[in-house]
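Order of listing sets the numbers, starting from 1, for every ligand and every atom in it.
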Amino acid sequence: MAETVKVPVDGVAVTAIGVAVIRARESQREDRLYDDPQAKEFVAAARAGFAPERWARMEALADQFYEGRTIGVRLVDDRFRQAIAAGCRQIVLLGAGLDTRAYRMDLPEDIHVFEIDLPELFDFKEPVLAAAGAAPTCHRHVVVADLREDWRKALLASGFQPSVPTYWVDEGSLGYLNQDWNQRVVRTLTELSAPGSHFGAGRMVVDPDAPQYRELRTFVAGHSAPTPIPAERPDDFDVERWLDEIGWDTEFHSWNDLTAHLPRPAGTLDPRIGTIAAVRR
Ligand SMILES: C[S@@+](CC[C@H](N)C(=O)[O-])C[C@H]1O[C@@H](n2cnc3c(N)ncnc32)[C@H](O)[C@@H]1O
C-alpha cells in the first residue's frame, strides 16, 4: 500500500507529516499524554516516499519541536472536550493535517468534525486511513479547500450548519493573527459562527529568524526558494481587542497556567505566551 500512496514530500502539507512523527513518538511512551494509533501508520507510509536523507532532516526537525508541540496536542484535546461539554456540536479543523481526533477521542456520534486542508494532504491521508481500516466514532467530513481561497463554499457544501455552535481549531496552521490572510479566515469563521461558538488563537512570542524556524522554512520549500518571513503587523497589534470588536468575548490563558496540571513538566515560558480563548457573542 505504502508504495501506491502519493506522499507530499515538500510544500506546506509536509509539515503535517512532521506533526504525525511527533504524535507517533508520543503514543509509544509509557507516560504518554494522548494516544494516536494512526500516527505510526502515517509515518510508515510517508517514510516510504522520502529519500533517506530528507527523512532524516524531517526527524531532526520533529526532535527540535517535539517537547512543546506534543504538549500542545494534549492541550487541544482538553479544549475539544471542554467545547463539546459547552454545547459545540460541530468542530472545524483549519488545516487539519493528519489529525485523527475524529477516530481516537471516542467523540459522541452526534458530533460533526470538518477537516479542511489542501488536496495533496488528503491524497495521502485518505488512502492510509482506508488501508488501516480506521473508522471514526462521529461524523467526519473531508473538506478539500485552500484557506486562502473560498473555503466557506466548500465547508457549507460539505454539510456545515452556521446555526449550530462550532469549535474552530487552529493548531499550527494560521500562525499568528497578524497577517492579512489569517485575519480574513477569522472574519469568515466569525460570520459562520452561531452564538456560543468557540475559537482559540495562539499568542506566541517567537523569533521567526531563529535557526529551527529557518530550517523549517527551507525544508518545506524543498527545491523552491523558501518563503520569506511574512511582513508582520507592529508588535502592538492587539489580537484580543480585535477579536472583541468582531464579536468574540476573550480570555487569555498563559501556557504556564494551561500546563500546570499536566503530569509532565512543560517548562516555564514568557507569561505572554498562551491561548486566547474566544466565545462568540
Ligand atoms: C503544521 S501542519 C498542522 C496540522 C494539524 N493541525 C496538526 O496539528 O497536526 C499545518 C497544516 O495546515 C495545512 N495548510 C497550510 N496552509 C493551508 C491553506 N492555505 N489551506 C488549507 N490548509 C493549509 C497544511 O497542509 C498542513 O496540513
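Judged by distance alone, the side chain of Arg74 and the main-chain N or O of Leu33 form a donor-acceptor pair under 3.5 Å. Of the possible donor and acceptor atoms, one in the side chain of His141 sits under 3.5 Å from a partner among the backbone N and O of Ser158. Looking at Lys125, its side chain does come within 3.5 Å of a backbone N or O of Gly97 through a donor-acceptor pair. Asn256 contributes a side-chain N or O that, together with a main-chain N or O of Leu269, makes up a donor-acceptor pair within less than 3.5 Å.
Here is the list of ligand 1 atoms found below 4.0 Å of a heavy atom in Ala13: 25 (O). Residue Gly172 has at least one heavy-atom neighbour below 4.0 Å for each of these atoms of ligand 1: 1 (C), 10 (C). Distances below 4.0 Å separate heavy atoms of Arg69 from the following atoms of ligand 1: 3 (C), 7 (C), 8 (O). Atom numbering of ligand 1 starts at 1 in the shown order; those under 4.0 Å from a heavy atom of Gly97 are 4 (C), 27 (O). When each atom of ligand 1 is checked for a heavy atom of Ala145 under 4.0 Å away, the hits are 20 (N), 21 (C). Residue-ligand proximity, Ser173 to ligand 1, at heavy-atom distances under 4.0 Å covers atoms 10 (C), 11 (C), 12 (O).
Atom 20 (N) of ligand 1 has Leu147 N, 2.8 Å as its closest protein atom, hydrogens excluded (heavy atom only). Taking atom 5 (C) of ligand 1 as the reference point, the nearest protein heavy-atom neighbour is Ala96 O, 3.2 Å. Summary of contacts: the protein heavy atom closest to atom 16 (N) of ligand 1 is Val12 CG1, 3.9 Å. Nearest non-hydrogen protein atom to atom 3 (C) of ligand 1 is Glu171 O, 3.6 Å.
Linking ILVMFWY side-chain heavy atoms closer than 4.5 Å, directly or via other members, places Val9 and Leu98 in a single hydrophobic cluster. Put simply, Leu192 and Leu94 are part of the same group of oily side chains (I, L, V, M, F, W, Y) that touch within less than 4.5 Å, one to the next.
You'll find the ring centres of Phe199 and Trp168 outside the 6.0 Å limit.
Between Trp181 and ligand 1, no pair of N/O atoms sits closer than 3.5 Å. Looking at ligand 1, you won't find any N or O of Thr15 less than 3.5 Å from one of its N or O atoms. Ligand 1 has an N or O atom lying under 3.5 Å from an N or O atom of Asp146, backbone or side chain. Considering backbone and side-chain atoms alike, Gly95 places an N or O below 3.5 Å from some N or O of ligand 1.
Exactly one of Asp35, Thr100, Asp36 qualifies for a side chain to side chain donor-acceptor pair (under 3.5 Å) with Arg23. That residue is Asp36. Among Leu147, Leu93, Val142, Val185, the one residue that satisfies the side chain to side chain contact (heavy atoms under 4.5 Å, CB included) test with Ile116 is Leu147.
Relative to the ring axis of Phe42, Arg47 does not place its NZ or CZ within 45° and under 6.0 Å from the centre.
Remark: distances from the non-hydrogen atoms of Asp117 to ligand 1 include one below 4.0 Å. Within the structure, ligand 1 has Arg23 among the residues with a heavy atom less than 4.0 angstrom away.
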